[in-house]
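First the structure, in the form of structure tokens, and then the observations on it.
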Amino acid sequence: MNDATPRRLRGSLIERADAAYDFQALLRGTAPRVVERVTVTTPEPVVVAAPVAVAEPVQPAPRPLQSGIALIDRDRLVSKHLLVPGAPVGALAEEFRQIKRQVLLTARAVRGEAGDVKSRMVLVCSANPDEGKTFSAINLAISIAAEKNVEVLLVEGDCAKPDLLHRLGIAEAPGLLDAIADDALDIEACVIRTDIPQLSVLAAGTRSHDDTELLSSDRAGALLDALVAADPRRIVIFDSPPALAASPAAVFASRVGQVMMVVRADRTAESELREAIQILDGCEHVNLVLNAVSFTAGRPRFGSYYGLYGEEIPK
């Protein structure tokens, strides 16, 4: 959808996405990059020719809270290939500017259909692990937090394998599952403010074997609605587990107003994408983001208007 008014289009979501993106050709690796919407690139892994004995890298410890605010190391964001607030505008920042515009337009459409609370909840998901969902969720949250008069709450929804707070350098803390399981725990007290303006995070909480049942409970629904209602400017973004790997993804999809499905061009099979979207059918609005697309050398890309990788253009 490219405007605030939902359209009645012909064909299923997959058929429309295939017509726009030609997924089959992309997955065969035979098609040039022809994308009408927005693509996101992640660095390719380094291939080592032969095993080399090296010392295990020491992971930096989470930075301590300062006046109740979690300090996020900007160097850590760079090392994780994440957006850095206040950094020069580059390709990645421009790509997520395009993505967030679509998300905000969809939220406006959902508001007219399902009300304000649901319209301000967004699920970021993928079919399988390692397709870029957490990378995309964090970057989307940082990008939306740069908007005026908006507060963003980024929620760790992958309760089985939480990684979101680790990537930001924030220590694990009581979170969503704890508040659902304990009636006496105020979920707002679990929200962690960060030193990135207008961005807060919420941990998954203590791991549980019945996380799906907790998330599908009436109390969970009431708490998620309360998170949105607590601040009329707040947009809540959930980093979900992969749809084909864990059942909570379907539960989250039934709670939110829209799903941002991350599709990895060199890995996600069309059959897996179809199956994942069927699992997430509790949400009517599903937008696809094509990830890990190879760019042709010499061709312009998002951010080039501001100079290569965002450096100042000589006048």
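Bear in mind that the values here come from a model prediction, so they are computed numbers and not experimental data.
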| query | Between Phe238 and Phe252, what is the ring plane arrangement, given parallel below 30°, perpendicular above 60°, and tilted in between? | reply | tilted
With side chains defined as the heavy atoms from C-beta onward, is the minimum distance between [X] and [Y] less than 4.5 Å?
X      : Y      : value
Leu224 : Val228 : no
Leu227 : Glu188 : yes
Asp163 : Asp239 : no
Arg255 : Asp225 : no
Cys190 : Asp178 : no
Leu273 : Met261 : yes
Asn128 : Arg267 : no
Leu214 : Ser208 : yes

| What's the verdict on side chain to side chain contact (heavy atoms under 4.5 Å, CB included) for Ile235 and Leu104, showing C-alpha distance, side-chain angles and the deciding distance? | CA-CA 10 Å; Ile235 295 176; Leu104 295 175; 3.8 Å; yes
Counting distance only, does the side-chain N/O of [X] pair as donor-acceptor with the main-chain N or O of [Y] below 3.5 Å?
X      : Y      : answer
Thr194 : Leu199 : yes
Ser216 : Glu213 : yes
Gln258 : His285 : no
Asn139 : Phe135 : yes
Arg234 : Arg120 : no
Ser79  : Arg76  : yes

| Stepwise, does the side chain to side chain contact (heavy atoms under 4.5 Å, CB included) test hold for Arg97 with Val89? | CA-CA 10 Å; Arg97 278 177 168 177; Val89 176; 3.7 Å; yes
Looking only at heavy atoms, what is the nearest atom pair of [X] and [Y], with distance?
X      : Y      : value
Ala220 : Ile180 : CB-CD1, 3.6 Å
Arg167 : Ile138 : CB-CD1, 4.0 Å
Ala204 : Cys159 : CB-CA, 4.0 Å
Leu83  : Phe96  : CD1-CB, 4.2 Å
Pro248 : Pro241 : CB-CG, 3.9 Å
Leu123 : Ala249 : CD2-O, 3.8 Å

Separation of [Y] [atom2] from [X] [atom1] (nearest 0.5 Å):
X      : Y      : atom1 : atom2 : result
Asp182 : Ile187 : CG    : CD1   : 11.5 Å
Ser143 : Glu94  : OG    : CD    : 9.0 Å
Ile72  : Leu168 : CD1   : CG    : 4.5 Å
Ile170 : Glu172 : CD1   : CD    : 9.5 Å
Ser240 : Met260 : OG    : CE    : 11.5 Å
Leu153 : Ile192 : CG    : CD1   : 10.0 Å

| query | What's the verdict on salt bridge (Lys or Arg N to Asp or Glu O under 4.0 Å) for Arg207 and Asp211, showing C-alpha distance, side-chain angles and the deciding distance? | reply | CA-CA 7 Å; Arg207 299 187 188 185; Asp211 55 349; over 6 Å; no
| request: Go through the side-chain N and O atoms of Thr106 and Asn287 and say whether any donor and acceptor fall under 3.5 Å apart. | output: yes
| query | Under the side chain to side chain contact (heavy atoms under 4.5 Å, CB included) criterion, do Ile144 and Ile237 qualify, and how do the steps go? | reply | CA-CA 10 Å; Ile144 293 181; Ile237 299 174; 4.1 Å; yes
| task | Kindly state each residue pair satisfying salt bridge (Lys or Arg N to Asp or Glu O under 4.0 Å) with at least one member in residues 138-159, sequence neighbours excluded. | result | Lys100-Glu147, Arg101-Glu147, Lys133-Asp158, Glu151-Arg233
| Which pairs, with at least one residue in residues 122-132 and sequence neighbours excluded, count as a salt bridge (Lys or Arg N to Asp or Glu O under 4.0 Å)? | none
| task | Pick out which of Val124, Leu280, Asp281, Leu288 makes a side-chain contact (heavy atoms from CB on, under 4.5 Å) with Val259. | result | Leu280
| task | Check whether Leu185 and Leu215 end up in the same hydrophobic cluster, where Ile, Leu, Val, Met, Phe, Trp and Tyr are linked by side-chain heavy atoms less than 4.5 Å apart. | result | no
| Verdict with reasoning, Arg74 to Asp195, per salt bridge (Lys or Arg N to Asp or Glu O under 4.0 Å) | CA-CA 10 Å; Arg74 270 52 174 179; Asp195 63 339; 3.1 Å; yes
